[in-house]
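Structure record follows, encoded as structure tokens.
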Amino acid sequence: METYAKALLYAIPFFIGLVLIEILYGHFVKKQMHNVMDTVSSLSSGLTNIVKDSLGIGIIIVTYPYLLEHLAVIEIEVSWMLWIIGFVVLDFAGYWNHRLNHHINFFWNQHVIHHSSEEFNLACALRQSISNLLVYFPLLLVPAAILGVPHKIIAIVAPVHLFAQFWYHTRHIGKLGWLEYIIVTPSQHRVHHAINPEYIDKNLGQIFCIWDRMFGTFQEELKEVPPQYGILKPAKTWNPIRINFQHLWRLVRDAWYTRSYKDKFRIWFMPTGWRPQDVRVKYPAAVIDDVYHFQKYQPTATLALKGYVIFQLLVTTGLMMFMFYDYSNIGFQKLLWYGAFIFLGIYGYTTLMDREPYAVWIEVFRGIAGIVLILLNGDWFGLNHYIPVGSYFMALYFTITVFGGFYFTFLETTVSEDELVV
């Protein structure tokens, strides 16, 4: 995990830099694909995923080394060809994992966050799950294990494979000619993220589009069908932590309310969106019927609030970077507390973005808790070792957090409609 954390010190600035380039490009060509609140929500989601993964939180059903030890029937000498084989079998497993996520109710919960943005840009690529607590992916790597692909190769290829899925989340790149027949392109992935009936659950490939063409899930982007983005049951929140568990909560409620014991069991494994008949009638859910005429989630936000949440995002990113930089010195137990503060911070300011009245109390609690922690320890997780006055800066930050919570809850709500900016 420490190696993963160190790698993220380089990966995070790279991805954020590309998002900024896309924002600047959109500004200069007068074709902006970002709005502040959605992008802050997307980047905040990325932070939660990175922290969760860096702490190794989850239950692993079976590890790949175990499968390799018991299933390998051949042993291939390590060469450039084996690296290619490893990449291809990983992509094949990724296709089927992606297909499971789209077609099974329970698995959709761990993927819905990625589709929850009603925009399509590089930032939404970073909307990654924290609800994938049951790690079953190694089971899909059985072909790799049978072929004897060493664990070392899978461990190195996996992050490369993941990072290579970032670039095609953009509307600024058109179709790419002959490459459309080999790799997943921005055009194909726009189709994948669209909620148009023609596009739903299509183009599930991650790097190579050959799997979609082989297994009947390929769909070309059509000029007469402009993609519309989001999910058919809109999230209606900027809070990525809430989005991660919305679908699961719906399943729990439906399983509780249905009178059929059979439905209580099978709801988890039925196709995505399936609900028991009695629950569907008694508790209808709001679903988008006309994808071309629905109201995007956009609670009123002033320029001040937008500036404030950007400030919170920047500070939270900085705190996370310090966590990764000093990962080994902080120690695992303190890392859990550190990660909890980051999660609470993201929950707090994204709830403030939603204009929820209770957001202020989350901000007050974390602000006071942060100041108390600094007073008790005289430091912020060893920050003073690198910046002698680091704990003072953190105390100031938590004070600003308390003030911000009060201001945007009780004071800014008194501004006139003319001063509000969407």
Side-chain angles (χ1 to χ4, degrees), residues 35-45 47-48 51 109 112-113 116-119 127 130-131 230-231 233-250 252-253 283-286 288 294-317 319 339-373 394-422:
N35 72 63
V36 172
M37 305 305 255
D38 180 81
T39 297
V40 168
S41 178
S42 294
L43 295 177
S44 299
S45 176
L47 298 185
T48 62
V51 170
N109 185 75
V112 65
I113 180 68
S116 59
S117 174
E118 292 169 343
E119 307 295 336
R127 289 191 178 224
I130 59 171
S131 58
I231 47 181
K233 294 178 183 176
K236 295 189 179 301
T237 175
W238 297 128
N239 188 326
I241 299 172
R242 287 178 58 192
I243 298 172
N244 265 279
F245 297 99
Q246 278 183 337
H247 183 68
L248 181 63
W249 177 239
R250 291 191 189 106
V252 169
R253 285 190 306 174
Y283 304 99
I288 294 174
F294 71 95
Q295 183 64 46
K296 289 186 177 182
Y297 182 70
Q298 252 182 346
T300 307
T302 60
L303 289 174
L305 179 59
K306 292 179 180 180
Y308 178 75
V309 297
I310 290 173
F311 163 75
Q312 286 286 357
L313 174 66
L314 292 174
V315 173
T316 304
T317 303
L319 289 175
F341 260 99
I342 290 178
F343 269 72
L344 185 61
I346 291 172
Y347 197 99
Y349 71 74
T350 55
T351 303
L352 201 61
M353 290 162 61
D354 285 334
R355 293 291 189 172
E356 293 284 0
Y358 67 88
V360 59
W361 306 118
I362 300 174
E363 295 295 78
V364 168
F365 173 78
R366 77 176 177 105
I368 294 175
I371 292 171
V372 169
L373 186 63
M394 289 304 303
L396 176 61
Y397 163 69
F398 285 122
T399 302
I400 292 172
T401 292
V402 173
F403 174 78
F406 270 102
Y407 177 78
F408 291 108
T409 301
F410 299 116
L411 300 179
E412 198 191 50
T413 54
T414 63
V415 302
S416 67
E417 288 293 322
D418 293 336
E419 297 177 81
L420 295 174
V421 181
V422 175

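These figures come from a predicted structure and were not determined experimentally.
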Enter the distance from [X]:[atom1] to [Y]:[atom2] here, rounded to the nearest 0.5 Å.
X      : Y      : atom1 : atom2 : value
Phe343 : Leu47  : CZ    : CG    : 9.5 Å
Leu396 : Ile371 : CG    : CD1   : 9.5 Å
Ser117 : Asn35  : OG    : CG    : 8.0 Å
Ile362 : Leu344 : CD1   : CG    : 7.0 Å
Leu313 : Ser42  : CG    : OG    : 10.5 Å

Where is the tightest heavy-atom contact between [X] and [Y], given as atom of each residue plus distance?
X      : Y      : result
Ile346 : Pro240 : CG2-CG, 3.9 Å
Val112 : Asn109 : CG1-O, 3.4 Å
Ser116 : Ala235 : CB-CB, 4.5 Å
Pro357 : Thr409 : O-CG2, 3.9 Å
Trp238 : Gln298 : CZ2-CA, 4.4 Å

Results of salt bridge (Lys or Arg N to Asp or Glu O under 4.0 Å) for [X] - residues two or more places apart only:
X      : result
Lys296 : Glu119
Glu118 : none
Arg366 : Glu363

Under the side chain to side chain contact (heavy atoms under 4.5 Å, CB included) rule, collect the residues that match up with [X], sequence neighbours excluded.
X      : result
Ile288 : Ile195, Leu232, Pro234, Val291, Phe294
Ile310 : Val36, Val40, Leu314
Val315 : Phe311, Leu319, Tyr397
Tyr283 : Tyr257, Arg275, Val279

Given side chains that start at C-beta, do those of [X] and [Y] come closer than 4.5 Å, heavy atoms only?
X      : Y      : value
Met37  : Val309 : yes
Ile130 : Ile241 : yes
Thr300 : Leu305 : no
Phe406 : Val364 : yes
Gln246 : Lys233 : no

Who pairs with [X] by side chain to side chain donor-acceptor pair (under 3.5 Å), at least two apart in sequence or on another chain?
X      : result
Asn239 : Thr351
Ser44  : Tyr349
Thr48  : none
Thr237 : Asp354

Selection residues 394-410 - residue pairs positive for salt bridge (charged side-chain N to carboxylate O under 4.0 Å, His left out), sequence neighbours left out: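 Listed once each, the pairs would be none.
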
Stepwise side chain to side chain contact (heavy atoms under 4.5 Å, CB included) test for Gln312 and Leu352: CA-CA 11 Å; Gln312 286 286 357; Leu352 201 61; over 6 Å; no

Exam field: side chain Ser45 to backbone Arg127, donor-acceptor pair closer than 3.5 Å: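 No; judged by distance alone, with no hydrogens or angles, the pair does not exist.
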
Intermediate values then yes/no, side chain to side chain contact (heavy atoms under 4.5 Å, CB included), Tyr308 and Ile400: CA-CA 10 Å; Tyr308 178 75; Ile400 292 172; 4.3 Å; yes

